[in-house]
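Report on the structure given below.
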Amino acid sequence: MATKRNTLFFMMTLSALMALTSLSTDIYLPALPLMSRTLGGDAALTITGFLVGFAIAQLVWGPVSDRIGRRLPLFLGMLLFVAGSVGCALAQSLPAVVFWRVFQALGACVGPMLSRAMVRDLFGTTRAAQVLSSLAMIMVVAPLVGPLVGGLLLKVASWHAHFWLLAAIGVLMFVAVLRLPETLPPRRRAAGSLWSAFARYRELLAHRVFMRYTFCVTFFYVAAYAFIAGSPFVYIDYFGIDEAYYGFWFGVNIFGVFALSAANRRLLRHFAIDRLLRAATRFAAVSALVLVALVLAGVGGIWGIALPMFAVFSMNGIIAACANAAALASVDKSVGGAAAALLGALQYGSGIVSSLLLAAFADGTPRPMAWLIAGAVVLSAVMVVRVKPS
């Protein structure tokens with residue numbers, strides 16, 4: 001990584017690995033209503049299945065990577081991701097898609113988890129937050145392009161084509177991972193048996209500062225996934241927009257994330273991470289409460305959802321980078337993989353809560369989505385009201 005070219009490749013690859021999770025879902029979001037009609041049942045459960053596998057697998061990969069390094073788990077993860085994507089593409093029933101989505105997630109989870117761990121391996125707290133913001137600026141291409149490509153793909157092919165495309169992307173990522181350096185040399189790897197490593201999760205769960213930051217980003221992602229899982233039905237079925245245009249309504253939020261990620265790099269030079277987190281979560285909470293008020297009053301139509309959600313979603317550019325960096329900095333580097341795994345398991349596993357609650361309280365209106373987003377974002381803000389280093 002001595003040359004600028006190698007550094008750029010490293011950053012681009014980590015960004016792509018982190019984006020793999022959102023791309024795995026965002027690319028077929030426009031197809032969810034169609035999948036529900038053709039397969040029978042709630043296609044949002046395919047998101048739930050993915051997040052179940054994603055959350056659980058990280059808890060295994062994390063301690064493993066602390067002992068054998070970061071590269072081998074990345075290789076294996078990409079192979080599993082390709083296999084799961086092919087399985088989804090060949091599936092002919094909703095249970096089969098859910099099963100292969102779980103399998104797909106077993107591999108997809110290593111990308112964002114080990115990308116964060118590799119950044120933690122190489123950089124200190126503030127620099128890590130800046131690097132994560134840089135990665136976020138690059139990775140926003142996935143949730144921006146994903147729904148657009150997915151909507152257009154539906155015009156010329158069935159929903160199966162989305163998963164064939166993901167399989168091809170997985171192959172490309174495997175090739176890219178071959179060129180990544182190992183960031184955790186043998187001398188810095190965790191000692192002891194693998195089973196003893198799982199005991200570290202109990203220590204991490206009892207670590208007050210680590211868990212405060214972790215819950216901050218976890219609750220925010222409950223809200224994010226509520227929008228990701230609920231917006232296709234709200235925008236396409238409730239407001240009647242064309243599937244091909246859903247990507248524009250969803251993708252505009254990504255511009256906000258990009259702008260705030262860019263701003264966060266500069267803000268970190270002048271403000272402490274905790275101060276930025278408090279400001280961002282409070283702004284998001286106020287915006288989410290405005291969303292609820294507009295939805296309950298029936299004011300603004302689709303713009304009454306799109307505008308406040310733009311304000312909420314944009315804050316991800318600050319909240320995710322700062323909360324992740326602060327959480328990982330609060331623990332020793334020797335357990336960086338386990339910490340990143342627990343952080344990722346709760347962060348992305350939060351989508352399980354979102355999709356299940358939306359399925360349980362769905363009433364054909366945007367109200368359940370709005371209430372869930374507001375409640376989760378308020379809890380995210382509460383987590384960092386008085387957090388202090390231990």
Checklist outcome for this item: CZ of F271 to CD1 of I318, rounded to nearest 0.5 Å, is 10.5 Å

Checklist entry - Tell me, do L180 and R70 make a side-chain contact under 4.5 Å, heavy atoms counted? => result no

Next on the checklist: Counting only heavy atoms from other residues, nucleotides and ligands, does the tally under 6.0 Å from CH2 of W164 exceed 12?
Outcome noted: yes

Checklist entry - Once you round to the nearest 0.5 Å, how far does CG of L76 lie from CD1 of I68? => result 7.0 Å

Checklist entry - Is a donor on one side and an acceptor on the other found under 3.5 Å between the side chain of Q104 and the backbone of V82? => result no

Item to check | W61 side chain vs L106 backbone, donor-acceptor pair below 3.5 Å | outcome: yes

Item to check | Taking every non-hydrogen atom, the tightest pair across C109 and A57 | outcome: SG-CB, 3.6 Å

Item to check | Inter-residue atom distance F220.CZ - M383.CE, 0.5 Å rounding | outcome: 15.0 Å

Checklist entry - Does the ring pair (Phe, Tyr, Trp, His ring centres under 6.0 Å) test come out yes or no for Y246 and W249, once each step is laid out? => result CA-CA 5 Å; Y246 165 78; W249 287 95; 9.7 Å; no

Checklist entry - Are the side chains of V97 and L45 in touch, meaning some heavy atoms are under 4.5 Å apart? => result no

Checklist entry - Do the side chains of V377 and F219 get nearer than 4.5 Å, heavy atoms only? => result no

Next on the checklist: Let me check something: do M118 and L178 share a hydrophobic cluster, defined by ILVMFWY side-chain heavy atoms less than 4.5 Å apart, either directly or through other members?
Outcome noted: yes

Checklist entry - Out of curiosity, S231 OG to I228 CD1, how far, rounded to the nearest 0.5 Å? => result 7.5 Å

Checklist entry - Is the F163 ring parallel, tilted or perpendicular to the W159 ring (thresholds 30°, 60°)? => result perpendicular

Checklist entry - Is L51 close to R101 at the side-chain level, that is, under 4.5 Å between some pair of heavy atoms? => result no

Item to check | side-chain hydrogen bond (donor to acceptor under 3.5 Å, both in side chains) assessment of S380 paired with Y221 | outcome: CA-CA 9 Å; S380 174; Y221 268 65; over 6 Å; no

Checklist entry - Any side-chain donor-acceptor pair under 3.5 Å between Y225 and T25? => result no

Checklist entry - Does R71 CZ have over 12 foreign heavy atoms under 6.0 Å away? => result yes

Item to check | Side chain proximity check, Y235 to I305, heavy atoms < 4.5 angstrom | outcome: yes

Next on the checklist: Ring-plane angle category for F210 and H207, please: parallel below 30°, perpendicular beyond 60°, tilted otherwise.
Outcome noted: perpendicular

Item to check | Ionic contact status for D242 with K155, cut-off 4.0 Å | outcome: yes

Next on the checklist: Please check: side-chain N/O of R212 versus main-chain N/O of V384, any donor-acceptor pairing under 3.5 Å?
Outcome noted: no

Checklist entry - Taking the side chain from T46 and the backbone from A43, do they hold a donor-acceptor pair closer than 3.5 Å? => result yes

Next on the checklist: Are there over 12 heavy-atom neighbours, none belonging to F75, within less than 6.0 Å of that residue's CZ?
Outcome noted: yes

Next on the checklist: Is any side-chain heavy atom of L291 closer than 4.5 Å to one of L307?
Outcome noted: no

Item to check | Heavy-atom side-chain contact between T281 and C216 under 4.5 Å | outcome: yes

Item to check | Gap separating the CG atom of L205 from the CG atom of L346, nearest 0.5 angstrom | outcome: 7.5 Å

Checklist entry - Counting N and O atoms only, with roles assigned by atom type, does the side chain of S354 sit under 3.5 Å from a partner on the main chain of V222, one being a donor and the other an acceptor? => result yes

Item to check | Check: T218/Q347 side-chain N/O donor and acceptor closer than 3.5 Å | outcome: no

Checklist entry - Nearest heavy-atom pair of M211 and L204: which atoms, and what distance? => result CG-O, 3.4 Å

Checklist entry - Can you list the steps and then say if L74 with F174 is a side chain to side chain contact (heavy atoms under 4.5 Å, CB included)? => result CA-CA 8 Å; L74 282 173; F174 178 82; over 6 Å; no

Next on the checklist: With a 3.5 Å distance limit and no angle check, can you tell me whether R278 reaches the backbone of A381 through a side-chain donor-acceptor pair?
Outcome noted: no

Checklist entry - Going by the angle between their ring planes, with limits at 30° and 60°, are Y245 and F248 parallel, tilted or perpendicular? => result tilted

Next on the checklist: Evaluate T48 against L356 for side chain to side chain contact (heavy atoms under 4.5 Å, CB included), listing each step before the verdict.
Outcome noted: CA-CA 7 Å; T48 305; L356 290 178; 4.1 Å; yes

Next on the checklist: What I'd like to find out is whether the side chain of L294 reaches to under 4.5 Å of the side chain of W303, using heavy atoms alone.
Outcome noted: no

Checklist entry - Counting N and O atoms only, with roles assigned by atom type, does the side chain of H160 sit under 3.5 Å from a partner on the main chain of A91, one being a donor and the other an acceptor? => result yes

Next on the checklist: As an exercise, state the distance from CG of L23 to NE2 of H162, rounded to the nearest 0.5 Å.
Outcome noted: 11.0 Å

Item to check | Step-by-step side chain to side chain contact (heavy atoms under 4.5 Å, CB included) determination, M309 to I373 | outcome: CA-CA 9 Å; M309 272 312 305; I373 289 171; 3.6 Å; yes

